[in-house]
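Everything on this sheet refers to the single structure shown next.
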Amino acid sequence: MLRNFWLKFGLFVLIGFCTHCKTPSLPPKPIDKEDTTGTDTSHIDTAIINRPDTTHISDTVRARTSDSTLASSRRFGTELIFSENDLEGKTGIYYKANDFIGRPVNLNYSFAAPAKDTLKYRPFVLMVHEGAFLFGDLGNELGKARLLARRGYAAASINYRLGFNGGSQANACGGNNLEVVQAVYRAVQDTYVALHYFAGKADEFGIDPGQMVLAGSSAGAITISATVYMTEQDFEALQPGIVKTLGRLDPNPKGAPFKVTALLSSLGYGVFKSSYLTTANAKPTVFFQRTGDNVLPFLKGTFLSCPFYLSSEGAKPVSDQLRKLKVPYELNFETASGHQLSYPQEYITDRYAQFMKRLWSGNRHQITNEKYKVIEDIQLK
């Protein structure tokens with residue numbers, strides 16, 4: 001009788017334990033396979049996600065508007081050719097996906113360009129906002145986007161998936177390396193999708209898929225750098241199994257092709273390793289950062305300057321790597337402490353525009369400016 005009692009008791013405990021077991025959560029994925037936003041994800045081959053890709057972002061697309069045409073145009077420099085009233089704006093959703101806890105989110109954009117433009121295919125700048133991968137929105141970059149549009153560019157600012165477990169706006173250091181690497185990975189996925197989205201609607205937006213530029217501030221600068229310089233294999237080295245967990249780094253690898261010609265960054269800069277930059281993938285880049293940046297290290301430090309996060313490298317070592325590779329750059333720095341810059345956004349967009357104009361003209365320089373003073377200007381052959 002006592003034996004029967006213990007058998008029944010053990011069975012009761014086992015049943016109670018199992019009723020509290022949770023099934024593993026599924027990795028974030030697009031919530032719709034139907035093309036509701038111009039991005040078709042139905043063809044994604046989920047069977048190959050265990051084989052991390054080693055290739056970098058594609059650069060095979062030819063420009064529809066030549067460099068020489070852009071260089072000789074009155075547009076795209078420092079002059080505000082168009083007024084605010086001359087611009088047209090469009091808003092919409094470019095992607096639907098699940099965030100870090102599986103909630104479905106709509107990722108939207110705001111687009112600005114000259115209305116009734118005579119130039120059919122304009123250089124396009126995709127802007128990614130700041131916020132430590134935890135906060136902020138596309139409105140943070142809209143001012144610069146519209147200033148570029150007034151110079152003749154087409155530009156769009158996007159929202160991307162935010163948040164990671166343990167992190168908050170009040171304490172970005174409350175997470176762990178697994179969480180922050182996944183946050184960067186999701187942001188890169190969204191950036192890829194946005195690039196495909198706009199390239200696929202080149203005629204509608206009047207943009208040149210072969211003349212696309214990535215611009216980002218703070219976390220946005222980290223995102224655009226990781227988009228260009230990191231492969232699935234690089235992310236796997238930081239976090240084994242991330243591709244299986246979150247899906248392909250480029251969720252839509254058969255989407256409309258594009259070419260990224262340059263990176264424009266402000267409010268700091270960050271990449272996990274400057275050695276990711278090679279002769280094959282290095283991009284002309286503009287930097288704006290303080291030497292005493294307490295969020296993104298100007299030299300070397302840790303991600304978001306959190307003591308327990310991965311190492312990170314800033315504008316100085318990355319510009320040094322570009323110097324070795326003989327790639328044009330412009331390093332703008334302030335000898336000051338703190339993350340926030342004192343440069344007006346009008347000045348930053350002026351430097352962005354002048355930099356692109358030089359590239360299109362074949363006038364390749366490596367320039368270092370301390371605040372507003374040029375301290376080095378090397379002309380490349």
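If you're wondering where the values come from, they're calculated on a predicted model, not measured in any experiment.
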task = Indicate yes or no for a side-chain donor-acceptor contact from E236 to the backbone of I242 under 3.5 Å, with no hydrogens or angles considered.
result = yes
request  = Evaluate the criterion side chain to side chain contact (heavy atoms under 4.5 Å, CB included) for residue pair R248 and Q189; output intermediate values, then yes/no.
outcome  = CA-CA 8 Å; R248 307 248 60 149; Q189 287 179 315; 5.7 Å; no
Under 3.5 Å donor-acceptor, S312 side chain and G270 backbone = no
query = Quick one: salt bridge (charged side-chain N to carboxylate O under 4.0 Å, His left out) partners of R74, sequence neighbours excluded?
reply = E79
key: Side-chain donor or acceptor of S73 paired with backbone N/O of T69 under 3.5 Å   = no
query = Can you check whether L249's main-chain N or O pairs, donor with acceptor, with Y185's side chain at less than 3.5 Å?
reply = yes
query = Honestly curious: do F355 and V260 fall in one hydrophobic cluster under the side-chain, below-4.5 Å linking rule?
reply = no
ask   = What heavy-atom pair brings I207 and A199 nearest, and what distance separates the two atoms?
value = CD1-N, 4.5 Å
inquiry  = Using the rule side chain to side chain contact (heavy atoms under 4.5 Å, CB included), only one of L126, L359, L263, L264 pairs with V213; which is it?
reply    = L264
query = Sub-3.5 Å donor-acceptor pair from the side chain of N108 to the main-chain atoms of L138, do we have one?
reply = no
request  = Find the distance between CD (Q239) and CG (N177) and round it off to the nearest 0.5 Å.
outcome  = 9.0 Å
ask   = Should the ring pair Y309 and F303 be called parallel, tilted or perpendicular, given that the plane angle runs from 0 to 90° and is split at 30 and 60?
value = tilted
message = Are the side chains of F288 and Y347 in contact, using a 4.5 Å heavy-atom criterion?
response = yes
inquiry  = Minimum heavy-atom separation for K283 and T285, please, with both atom names.
reply    = O-OG1, 2.7 Å
ask   = Under the 3.5 angstrom rule, does the side chain of R186 hit a backbone N or O of G163 as a donor-acceptor pair?
value = yes
key: Over all atoms of both residues, closest heavy-atom pair of A256 and H196   = O-ND1, 2.8 Å
request  = Could you tell me whether R151 and D350 make a salt bridge, using a distance below 4.0 angstrom between a side-chain N and a carboxylate O?
outcome  = yes
ask   = Strictly under 6.0 Å, is that where the ring centroids of Y160 and Y95 end up?
value = no
ask   = Would M230 and V188 satisfy side chain to side chain contact (heavy atoms under 4.5 Å, CB included), going step by step from the backbone distance to the final call?
value = CA-CA 9 Å; M230 293 186 70; V188 172; over 6 Å; no
ask   = So, for Y269 and S225, which heavy atoms are closest and what is the spacing to 0.1 Å?
value = OH-OG, 2.7 Å
query = With respect to E330, which candidate in H365, R358, Q366 satisfies the side-chain hydrogen bond (donor to acceptor under 3.5 Å, both in side chains) definition?
reply = R358
query = Rounded to the nearest 0.5 Å, what separation is found between the CG atom of D208 and the NZ atom of K259?
reply = 10.0 Å
query = Sub-3.5 Å donor-acceptor pair from the side chain of E179 to the main-chain atoms of N165, do we have one?
reply = yes
key: Interatomic spacing from CG in N98 to CG in L246 - rounded to 0.5 Å   = 11.0 Å
query = Below 6.0 angstrom between ring centroids: does that apply to F205 and F124?
reply = no
L296/H339 under side chain to side chain contact (heavy atoms under 4.5 Å, CB included): CA gap, chis, key distance, verdict = CA-CA 7 Å; L296 304 183; H339 186 52; 4.1 Å; yes
ask   = Under 4.0 Å between a Lys/Arg side-chain N and an Asp/Glu carboxylate O for D320 and K316?
value = yes
query = Is the closest basic N to carboxylate O distance between K373 and E370 below 4.0 Å?
reply = no
inquiry  = Rounded to the nearest 0.5 Å, what separates atom CG in D293 from atom CD in Q340?
reply    = 9.0 Å
ask   = Do Y343 and S266 have side chains that get closer than 4.5 Å, going by heavy atoms?
value = no
query = OG1 of T65 to CG of L119: how many Å apart, nearest 0.5 Å?
reply = 5.0 Å
inquiry  = Quick one, S342 and R290 - any side-chain contact, counting heavy atoms below 4.5 Å?
reply    = yes
query = Just how far is it from atom OG1 of T191 to atom CD1 of I224, taken to the nearest 0.5 Å?
reply = 9.0 Å
query = Any side-chain heavy atom of R64 sitting closer than 4.5 Å to one from K120?
reply = no
query = Do Y192 and N252 come close enough that some side-chain heavy atom pair is under 4.5 Å?
reply = no
request  = Give a yes or no on whether F133 and V181 share a hydrophobic cluster (residues Ile, Leu, Val, Met, Phe, Trp, Tyr; joining criterion: side-chain heavy atoms under 4.5 Å apart).
outcome  = yes
task = Specify the closest pair of heavy atoms between A71 and S361, including all atoms of both residues, with the distance to one decimal.
result = CB-OG, 3.4 Å
ask   = Any donor-acceptor pair under 3.5 Å linking the side chain of N140 with the backbone of H129?
value = no
message = Would you say that L134 contacts F164 through its side chain, given a criterion of any heavy-atom pair below 4.5 Å between the two side chains?
response = yes
key: Sub-4.5 Å side-chain heavy-atom contact between T349 and R150   = no
query = According to a 4.5 Å side-chain heavy-atom criterion applied to Ile, Leu, Val, Met, Phe, Trp and Tyr, with indirect links allowed, do L267 and V271 form part of one hydrophobic cluster?
reply = no
key: Donor-acceptor contact present, side-chain D86 to main-chain S83, <3.5 Å   = yes
message = side chain to side chain contact (heavy atoms under 4.5 Å, CB included) for N332 and V286? Distances and angles first, verdict last.
response = CA-CA 8 Å; N332 298 277; V286 176; 3.9 Å; yes
ask   = Under a single-linkage definition using a 4.5 Å side-chain heavy-atom cutoff for Ile, Leu, Val, Met, Phe, Trp and Tyr, are F258 and V125 assigned to the same hydrophobic cluster?
value = no
task = Determine the minimum heavy-atom distance between L162 and G136, stating which atoms define it.
result = CD1-O, 3.4 Å
message = Same cluster or not: M127 versus V193, using hydrophobic residues (I, L, V, M, F, W, Y) connected whenever any side-chain heavy atoms lie under 4.5 Å apart?
response = no
query = Do D117 and E88 touch side chain to side chain, with heavy atoms closer than 4.5 Å?
reply = no
task = Please confirm whether the backbone N or O of A315 pairs with a side-chain atom of Q289, one donor and one acceptor, at under 3.5 Å?
result = yes
request  = Could you go through the side-chain hydrogen bond (donor to acceptor under 3.5 Å, both in side chains) check for N159 and D137 one step at a time?
outcome  = CA-CA 6 Å; N159 282 328; D137 62 36; 5.9 Å; no
key: Polar side chain donor-acceptor pair, S274 to Q321, under 3.5 angstrom   = no
ask   = If you count the non-hydrogen atoms of other residues, nucleotides and ligands that lie under 6.0 Å from NZ in K273, is the total more than 12?
value = no
